[in-house]
Engineer: 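I am attaching a structure below and will ask some questions about it afterwards.
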Amino acid sequence: MKLIHTSDLHVTGGDRLADQAETLDRVATAGIAEQPDLWLIVGDAYGRTVPHSSRPDERAVLCPQIVRMAKVAPVVYVMGNH
């Protein structure tokens, strides 16, 4: 079984959001090329503070990449602080 794992994405609105979008696109593209059997995304997907409620601009960066990943293999997303 081929598993691709990432964690602590901390997608956070602000001046670094475009950089984060580019990085997530690269992660998804590289992972898709590997044709995994499962994606695992754990902890701290959004923000820097705990608790953090995700904002629409943050979700607009992460959610499309999760959809891309899910077209290749199931995505397991574990919310929480680590």
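Treat the numbers as computed from the prediction; the structure is a model and nothing was measured.
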Engineer: Do you reckon Leu24 sits in the same ILVMFWY cluster as Val67, going by side-chain contacts under 4.5 Å, direct or chained?
Structural biologist: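 No, no single cluster joins them.
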Engineer: Mind checking whether Asp37 and Leu3 have side chains closer than 4.5 Å, heavy atoms only?
Structural biologist: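 When only atoms from C-beta onward are counted, Leu3 and Asp37 do not touch, as no gap falls below 4.5 Å.
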Engineer: Could you report the tightest heavy-atom contact between Pro36 and Gly31, atom names first, then the distance?
Structural biologist: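 Closest heavy-atom pair between Pro36 and Gly31: CD-O, 3.2 Å.
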Engineer: Does Ala28 offer a backbone N or O that forms a donor-acceptor pair with the side chain of Gln65 under 3.5 Å?
Structural biologist: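 The answer is no, because no donor-acceptor pair under 3.5 Å joins these two groups.
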Engineer: Do you know the tightest heavy-atom contact between Leu38 and Ala73?
Structural biologist: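 What the structure gives for the nearest pair is N-CB, 3.8 Å.
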Engineer: Would Val27 end up clustered with Tyr77 when hydrophobic side chains under 4.5 Å apart are linked, directly or stepwise?
Structural biologist: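 No, separate clusters.
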Engineer: Assess whether side chain to side chain contact (heavy atoms under 4.5 Å, CB included) is satisfied between Val61 and Leu17, documenting all intermediate values.
Structural biologist: CA-CA 8 Å; Val61 166; Leu17 192 60; 3.7 Å; yes
Engineer: One pair to check against side chain to side chain contact (heavy atoms under 4.5 Å, CB included): Leu9 and Ile41. What are the steps and the verdict?
Structural biologist: CA-CA 9 Å; Leu9 300 174; Ile41 304 171; 3.9 Å; yes
Engineer: Test side chain to side chain contact (heavy atoms under 4.5 Å, CB included) on Arg55 and Tyr46; report intermediate values, then the result.
Structural biologist: CA-CA 9 Å; Arg55 299 175 2 183; Tyr46 298 104; over 6 Å; no
Engineer: Distance-only, no hydrogens or angles: does the Gln20 side chain make a donor-acceptor pair with backbone N or O of Thr12 under 3.5 Å?
Structural biologist: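 At least one qualifying donor-acceptor pair exists.
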Engineer: Please report the C-alpha distance between Ile32 and Gln35 in whole Å, then the side-chain angles of each, then the deciding distance to 0.1 Å, and finally whether the side chain to side chain contact (heavy atoms under 4.5 Å, CB included) criterion is met.
Structural biologist: CA-CA 5 Å; Ile32 288 167; Gln35 291 295 295; 4.1 Å; yes
Engineer: I would like to know whether Thr29 and Arg68 meet side chain to side chain donor-acceptor pair (under 3.5 Å); could you show each step before the answer?
Structural biologist: CA-CA 9 Å; Thr29 298; Arg68 283 181 64 205; 3.0 Å; yes
Engineer: I'd like to know if the side chain of Trp39 reaches the main chain of Met69, judged simply by a donor and an acceptor atom lying under 3.5 Å from each other, with no hydrogens or angles considered.
Structural biologist: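 Yes, because the side chain of Trp39 sits within donor-acceptor range (under 3.5 Å) of the backbone of Met69.
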Engineer: Verify the neighbour count for atom CG of Asp15: are there more than 12 heavy atoms of other residues, nucleotides or ligands below 6.0 Å?
Structural biologist: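 Not more than 12 within 6.0 Å, no.
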Engineer: Check whether any side-chain heavy atom of Glu34 sits under 4.5 Å from a side-chain heavy atom of Lys2, and report yes or no.
Structural biologist: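 Yes. Closest side-chain heavy atoms under 4.5 Å.
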Engineer: Taking everything shown except Lys71 itself, do over 12 heavy atoms lie less than 6.0 Å from its NZ?
Structural biologist: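 Not buried by this count: 12 neighbours or fewer within 6.0 Å.
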Engineer: Find the distance between CZ (Arg16) and OG1 (Thr23) and round it off to the nearest 0.5 Å.
Structural biologist: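 Output value for this atom pair is 8.5 Å.
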